[in-house]
Amino acid sequence: GAGQGNIMSFFGKK
Amino acid sequence: MLEARLEQANLFKKVVDAIKDLVQDCNFDCNDSGIALQAMDNSHVALVSMMLRSESFAPFRCDRNIALGINLTSLTKVLKCAQSDDILTLKAEDAPDVVELVFESAESDRISEYSIKLMDIDQEHLGIPETDYGATISMPAAEFQRICRDLIALSESVSIECSKEGVKFACQGDIGSGAVTLRQHTNVDKPEMNVEINMSEPVSLTFSLKYLVNFCKASGLSNQVRLCLSNEVPLLVEYSLANNSHLRFYLAPKIGD
């Protein structure tokens with residue numbers, strides 16, 4: 001099945 | 001110091017109610033533009049971004065940047081002490097140990113004063129890039145809530161596909177499958193029932209319904225919800241509030257197969 005993405009891999013730390 | 005008076009305590013109550021099951025300890029970042037909050041859920045799948053602009057308060061005073069680290073369970077306990085028609089004033093010193101909440105009845109002379117001890121929360125702020133989304137859907141918030149609640153009975157995840165046919169929410173589970181398709185629709189008498197689809201490219205993404213159902217707890221804040229999608233980027237679920245304020249949720253898509 002599909003894996004769940006991590007929001008931090010899309011939005012970098014400021 | 002901070003002093004922010006909100007005509008409707010209920011608005012703040014609803015915002016906190018909508019996010020408290022997703023995030024627990026949060027910094028409310030106060031500055032002269034208003035009160036903002038950004039927090040990820042524990043599993044780093046979803047991000048909450050709230051902005052209550054200074055225009056939403058009257059008066060609003062915040063002399064310097066103050067981060068109010070608040071446990072939302074504690075905040076919920078105190079906000080329960082406010083009646084929905086009460087006026088809410090948030091107060092804090094410049095380097096505060098507590099945040100004060102004052103509830104005033106608009107009709108009687110009752111004044112209730114509470115305080116919550118603040119926490120030191122080391123919170124990472126994420127940079128949310130400006131995105132030209134491939135598809136933007138505005139629809140009744142209650143309709144979106146209903147679709148998510150219906151589909152979660154069948155499956156853990158939903159695919160959202162936007163094409164020139166409309167937007168299709170589809171799921172497959174052990175007992176069978178379900179799909180709801182919405183097309184652009186204008187209701188002249190009840191514009192809050194409108195469905196508006198703007199698409200520059202077809203999109204197809206899969207998301208965990210558990211999170212979407214959680215976001216839908218914000219449905220009481222706004223008649224309409226806006227979904228913004230692009231392939232392979234997080235979904236934006238936005239509830240607009242008065243005075244250009246907003247409550248936004250971002251959800252990382254499911255990846256691979």
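In what follows, chains carry the letters A, B, and so on, assigned in the order in which the sequence lines appear, proteins first and then strands, with residues in each chain numbered from 1.
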*Euclidean distance, H44(B) NE2 relative to F10(A) CZ, rounded to 0.5 Å*: 14.5 Å
*Identify the two heavy atoms, one from G5(A) and one from A252(B), that lie closest to each other, and give their separation to 0.1 Å.*
O-CB, 3.3 Å
*Just wondering, are more than 12 heavy atoms of other shown residues or ligands nearer than 6.0 Å to CD in E93(B)?*
no
*Got more than 12 heavy atoms from elsewhere within 6.0 Å of CD, Q24(B)?*
yes
*Is the number of heavy atoms from other residues, nucleotides or ligands within 6.0 Å of NZ (K168(B)) greater than 12?*
no
*Once you round to the nearest 0.5 Å, how far does CG of L47(B) lie from CE of M8(A)?*
10.0 Å
*Heavy atoms only: give me the nearest F11(A)-P234(B) pair and the separation to one decimal.*
CZ-CG, 3.8 Å
_Atom CD of residue position E201(B) - does it have more than 12 heavy atoms of other residues, nucleotides or ligands inside 6.0 Å?_
yes
*Which pair of non-hydrogen atoms, one from Q4(A) and one from P253(B), has the smallest distance, and what is that distance?*
NE2-O, 3.6 Å
_Beyond-backbone contact of V45(B) with N6(A), side-chain heavy atoms, under 4.5 angstrom_ = no
_For M40(B) against I7(A), the heavy-atom pair lying closest together_ = SD-CG2, 3.4 Å
